[in-house]
Amino acid sequence: MVMTLNSLMRTVSAGALLAATILVSAPGAHAQASGGNGGWFVPKAAHPDAPPPRPVQRRVPEAAPDEEEDSAPAEQQQAPPILPLPPIPAPPSIAKASPPPAAVIGVINVQAVMQISSAWQEIQQVLGARRDRLAQAVQREEAAWRGEQQKLQAQARSLTSDQIQLRERHLQERRAKDQHDFGNQARIIQEAAQVAMHQIERELEEPNGIIAAVAAAHNMNLILHAEQVVLHVGGQDITEEVGTQLNKTLPHVFIPDDGVDPEQLARSGKMPTTADEQRQAQGPQAPGPQQAPASAPSESVLRQHH
């Protein structure tokens, strides 16, 4: 009976209920407000170590520790293999063409644009609050789950082996359900942030977007990221002007309501989706098995530099 309880305790100590697998991971694609990392509004939660369980009054033999995996020795570096070298055709000569226009250079600081943007601040405020509420819910459930586990250990002397096994199974099922539910809520917050952020990306980066319009107003034909430029003069920096135009054009963004699954919203047909955007970017394509797959769209400058 107590051996079964010890097995439960080893399962508990292996990971603090849920949050490590739910709230610390997150695909990312996008950045948080000022942290600059690659995550998208992933709920954060502190996970203190579990308090030591109260010992059962009876003395029982300790379960055998899990065998440590044998660490494989590092493979010695080997010389690269000698492979065939098929011949390739020589490229044909290319006729002379007219040179490109002289570069008129501008620079932009994308992070500074985001700090100016009221839409970006709205995303941070709304989704940051949802993230914090989810983190608090995870902590409450973690504390409740630990309390049930400690109660089971304290009552072990008065329970039969079958009763302990049943309680253990209920705790494990509760833990699995929590991981699923909280993980799904974290995904919804992350995808809502992607929906909101993509509106800013499109407003800035499309061929007729704000960056292109500001550059054209100054006859600029080459825009560089300010972080990549060692020296520039003030008239070349379009950051503040882009941020001002962004606030005029897009002061707010659409954020799915709290708890609304963006994937379900996309399937509802109420608005265009990213699939429609990809089809438009690919353009008309001739059907047939010989058709080459379209290349993936280039990564947004906001994702690269924020």
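Considering only heavy atoms from C-beta on, Glu203 stays 4.5 Å or farther from Gln199 through its side chain. With contacts defined as side-chain heavy-atom distances shorter than 4.5 Å, the pair Leu171/Arg167 does not qualify. With contacts defined as side-chain heavy-atom distances shorter than 4.5 Å, the pair Glu277/His198 qualifies. Arg133 has its side chain within reach of Asp258: a pair of non-hydrogen atoms, C-beta onward, lies under 4.5 Å apart. Residues Ile200 and Met114 meet the side-chain proximity criterion, which asks for heavy atoms closer than 4.5 Å. For the pair Lys151 and Glu148, the minimum side-chain heavy-atom distance is below 4.5 Å. With contacts defined as side-chain heavy-atom distances shorter than 4.5 Å, the pair Gln115/Gln111 does not qualify. Contact annotation: the side chain of Gln155 never approaches that of Gln163 to less than 4.5 Å [non-hydrogen atoms, C-beta and beyond].
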I would like to know whether Asp276 and Arg279 meet salt bridge (charged side-chain N to carboxylate O under 4.0 Å, His left out); could you show each step before the answer?
CA-CA 5 Å; Asp276 301 323; Arg279 282 192 293 268; 2.3 Å; yes

Take Leu152 and Leu159 through the side-chain contact (heavy atoms from CB on, under 4.5 Å) test and state the conclusion after the steps.
CA-CA 9 Å; Leu152 172 59; Leu159 299 176; 3.8 Å; yes

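By the neighbour-count criterion of 12 heavy atoms within 6.0 Å, atom CG of Leu83 is densely surrounded, having more than that number from other residues, nucleotides or ligands. Counting heavy atoms of neighbouring residues, nucleotides and ligands inside a 6.0 Å radius, atom CD of Glu263 exceeds 12 of them.
To the nearest 0.5 Å, atoms CD (Glu141) and NZ (Lys177) are separated by 8.5 Å. The CE atom of Met220 sits 9.5 Å away from the CD1 atom of Ile105 when rounded to the nearest 0.5 Å. From Ile164, atom CD1 reaches atom CD of Gln153 across 10.0 Å, with rounding to the nearest 0.5 Å. Expressed to the nearest 0.5 Å, how far CG of Leu134 lies from CD1 of Ile189 amounts to 5.0 Å. Within the model, atoms CD of Gln125 and CD1 of Ile123 stand 11.5 Å from one another, a figure rounded to the nearest 0.5 Å. A distance of 4.0 Å separates NE2 in His170 from CG in Leu166, rounded to the nearest 0.5 Å.
For the residue pair Asp162 / Thr160, no side-chain donor-acceptor distance below 3.5 Å is found, with atom types taken as modelled. A side-chain donor-acceptor contact under 3.5 Å links His218 and Glu241.
Heavy-atom minimum distance, Ala192 versus Arg130: CB-NH1, 4.4 Å. Contact detail for Val253 and Glu122: the closest heavy-atom pair is N-OE1, 3.2 Å. In this structure, Leu246 and Val113 approach most closely via the heavy-atom pair CD2-CG1, 4.1 Å. For the residue pair Pro256 and Val195, the shortest heavy atom distance occurs at CD-CG1, 4.2 Å. Ile255 and Ala196 get closest at one heavy-atom pair: CG1-CB, 4.0 Å. Contact detail for Ile238 and Val214: the closest heavy-atom pair is CB-CG1, 3.9 Å.
Checking each of Leu204, Val110, Asn247, Asn109 against Val242 for a side chain to side chain contact (heavy atoms under 4.5 Å, CB included) leaves exactly one that passes, namely Leu204.
Under the 3.5 Å distance criterion, the side-chain polar atoms of Asp261 are left unmatched by any main-chain donor or acceptor of Ile188. When atom types are taken as modelled, the side chain of Asp132 and the backbone of Leu127 share no donor-acceptor pair closer than 3.5 angstrom.
Leu224 and Val104 are assigned to two separate hydrophobic clusters, defined by single-linkage of ILVMFWY side chains at heavy-atom distances under 4.5 Å. Criterion: ILVMFWY side-chain heavy atoms under 4.5 Å apart, direct or through other members. Under it, Val126 and Leu250 are part of a common hydrophobic cluster. Val107 and Ile223 are members of different hydrophobic clusters when ILVMFWY side chains are connected at heavy-atom separations under 4.5 Å.
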